[in-house]
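Side chains are part of it too, since the values below use all heavy atoms of this structure and drop only hydrogens, waters and symmetry mates. Predicted, not measured: the structure shown is a model, and the values here were computed from it. Sequence lines set the chain letters: A, B, ... in the order given, protein chains first and strands last, and positions in each chain run from 1.
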Amino acid sequence: MTSPASSSEVKYLIESSEGNTFDVSGAALRQSNTFNAMFLNIGADGPIPFTDYNEATLKKVFEYCEHSVNEENYSGPKHQDDLSKWDLNFFNEMDQKMFIDVINASNFLDIERLTSYCCERIARMLRGKNTQEMIKVITLPTAEELEAKQKVEEKKAAAAKKVAEKAAETAEKTETLEELPVQQLVQTTRNKLTRKYLSFSNE
Amino acid sequence: MELAFPLFRLPENVIVQVLQNMNPDRLLIISLVSTKTKSLVTSLGLKARNIYIAFYHEVSINVNIERFGWNLMLRNDPNDQNAEFDITRPVSASCLCLDKPFQPSTPFNFNDWLDHILTVFCYTKPIDVEFEPGSEQFEMEWLKNTLKNVDFATIGGVTGIRTKEILKNFKDLNELFLRNNPFEDSCEVQKLFIENFKAIIFNDVYSLDDMLLANSEIVNFRRPTTHKQFNRFVKHWIRGSNPRLQCMSHRINNSDSVSREVLLKGINCFDVAEEEQQEICQTHGIISDDMVKIRRKDGTPAVIATKDFENILHIRFLVFY
């Protein structure tokens with residue numbers, strides 16, 4: 001992780017399921033509540049492993065985050081009719097597989113704005129359909145599919161655990177803080193980062 | 001994007017978020033897809049504020065959730081609006097949000113529909129019902145068993161015999177709205193006024209005797225009366241009539257011809273201060289141009305609030321115990 005004076009210029013390395021890495025701005029990444037909870041205050045040495053998602057999906061998700069960096073703070077779901085041309089293009093150019101991957105990744109990363117727009121888009125897809133038509137559209141899963149889904153969710157939980165472990169490991173490296181309570185740990189890290197930024201501005 | 005969308009392959013919290021983007025009428029439709037969707041929609045915890053069922057040659061169910069309300073028309077044959085309703089046969093529904101009828105994957109009869117709606121929208125309060133011409137086809141015993149506890153009933157255009165039958169079978173009724181007087185003999189309707197319903201709304205011609213016999217807390221006479229009849233009623237009330245009355249509504253046509261002096265002739269009254277008027281209007285949700293206070297002989301205060309609108313004088317008689 002680099003640490004320039006302006007936080008928007010901070011870049012983080014993201015690792016995808018293929019093992020590829022690419023960088024994302026801190027401002028974009030901060031739209032992910034998952035990231036905020038795990039890395040924001042303690043930083044990360046080396047790439048952040050979001051290895052349950054492929055590079056194309058993660059790049060698509062962070063493309064959205066980079067674009068919405070300068071938008072006003074998220075204040076609840078926005079009607080599809082109110083979406084900007086850029087937003088509409090963003091959604092329209094995805095095929096269904098990519099759309100589903102993006103929802104899953106956005107949900108894991110807890111990016112409220114993107115997840116909410118995706119959900120509103122699906123709800124819109126179901127409008128004007130009676131029960132029989134809905135059954136056709138939402139293609140109810142078979143028992144096998146349900147089992148497979150459970151396995152995927154278990155895998156995701158394991159991935160999340162791995163990310164959390166990585167975050168904890170990084171925290172340990174940063175300072176010997178094991179015995180500090182969480183609040184104090186966050187405060188200490190904040191103080192440390194503030195000192196760091198101050199020293200940069202003094203230079 | 002393709003027409004089919006594998007909604008159930010998404011994590012459950014995402015599915016819930018998708019459902020939260022749907023209006024209650026669409027949620028009802030999706031809740032009919034499977035037991036899974038039913039349970040997901042129920043888990044949203046949407047609580048119906050009120051459910052109103054109208055019986056006539058078909059059945060309509062009006063569901064109100066927060067500020068959202070919609071009407072569901074139930075028919076055995078969606079293409080035949082005049083076919084007799086068979087409660088045992090599958091029923092399909094239609095509503096304004098959809099230009100085609102819908103039914104669950106496993107066909108529902110009327111009872112199944114009602115159970116489903118009550119469950120999905122967490123409704124446990126008594127149901128409000130309406131009986132209109134054509135509702136005679138529904139057997140009273142079945143209605144009683146299906147609707148169980150009814151709080152408010154509207155009866156209109158059915159015979160006096162049927163009206164009595166309805167009232168006999170729904171004994172816990174709190175509020176009654178008679179769209180018209182179903183009885184030929186005027187004494188019959190007076191028997192209903194004497195009953196101690198919490199509220200009664202009457203939309204037919206009424207006499208001073210009817211007004212004086214009204215034993216409900218809230219009485220709403222929808223048809224116009226005369227200023228003389230109202231004036232005489234107030235004088236009787238001062239002397240002690242209608243001991244349970246809390247609120248009575250009237251209207252008088254041609255308000256231009258009714259001055260305050262004429263309306264309150266011979267009644268000892270005094271003006272209500274502006275501030276108190278505003279407070280009363282706010283508490284009772286009324287609009288008033290003029291408000292006077294009176295007292296009955298035992299000291300009970302009441303106000304007469306009037307509002308002139310489109311040449312009709314709307315009167316609200318409010319008693320404060």
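Interatomic distance, CZ of A:Arg124 versus CE of B:Met22, reported as 13.0 Å (0.5 Å rounding). To the nearest 0.5 Å, atoms CG (B:Leu10) and CD1 (A:Ile103) are separated by 5.0 Å. Note that CG of A:Asn130 and SG of B:Cys97 are 10.5 Å apart. Values are rounded to the nearest 0.5 Å. Atoms CD1 and CD1, from B:Ile15 and A:Ile122 in turn, are 9.0 Å apart once rounded to the nearest 0.5 Å. The distance from atom CD1 of B:Ile30 to atom OG1 of A:Thr131, rounded to the nearest 0.5 Å, is 9.5 Å. With rounding to the nearest 0.5 Å, the separation of CD1 in B:Ile29 from CE in A:Met134 is 5.5 Å.
Contact annotation: the side chain of A:Ile100 approaches that of B:Phe5 to within less than 4.5 Å [non-hydrogen atoms, C-beta and beyond]. At least one side-chain heavy atom of B:Val14 sits less than 4.5 Å from a side-chain heavy atom of A:Cys119. Taking 4.5 Å as the limit, every side-chain heavy atom of B:Gln17 sits out of range of all side-chain heavy atoms of A:Cys118.
In the displayed structure, A:Glu93 atom CD is contacted under 6.0 Å by more than 12 heavy atoms of other residues, nucleotides or ligands. Heavy-atom neighbours of B:Glu275 CD from other residues, nucleotides or ligands within 6.0 Å: at or below the threshold of 12. Enclosure of atom CD in A:Glu153 by more than 12 non-hydrogen atoms of other residues, nucleotides or ligands within 6.0 angstrom is indicated. By the 6.0 Å contact criterion, CZ on B:Phe68 is enclosed, its count of non-hydrogen atoms from other residues, nucleotides or ligands being greater than 12. Other residues, nucleotides and ligands place no more than 12 heavy atoms under 6.0 Å from the NZ atom of B:Lys198. Around the CD atom of A:Glu63, the shell of radius 6.0 Å holds more than 12 heavy atoms that belong to other residues, nucleotides or ligands.
Considering every non-hydrogen atom in both A:Ser116 and B:Asn21, the closest pair reads O-ND2, 4.4 Å.
At a 4.5 Å heavy-atom cutoff, the contact between B:Asn13 and chain A is made by side-chain atoms alone. With a 4.5 Å cut-off on non-hydrogen atoms, B:Leu98 touches chain A through its side chain but not through its backbone.
Contacts of residues 100-127 of chain B with chain A at a heavy-atom distance below 4.5 Å involve B:Lys100, B:Pro101, B:Phe102, B:Gln103, B:Pro104, B:Ser105, listed in sequence order.
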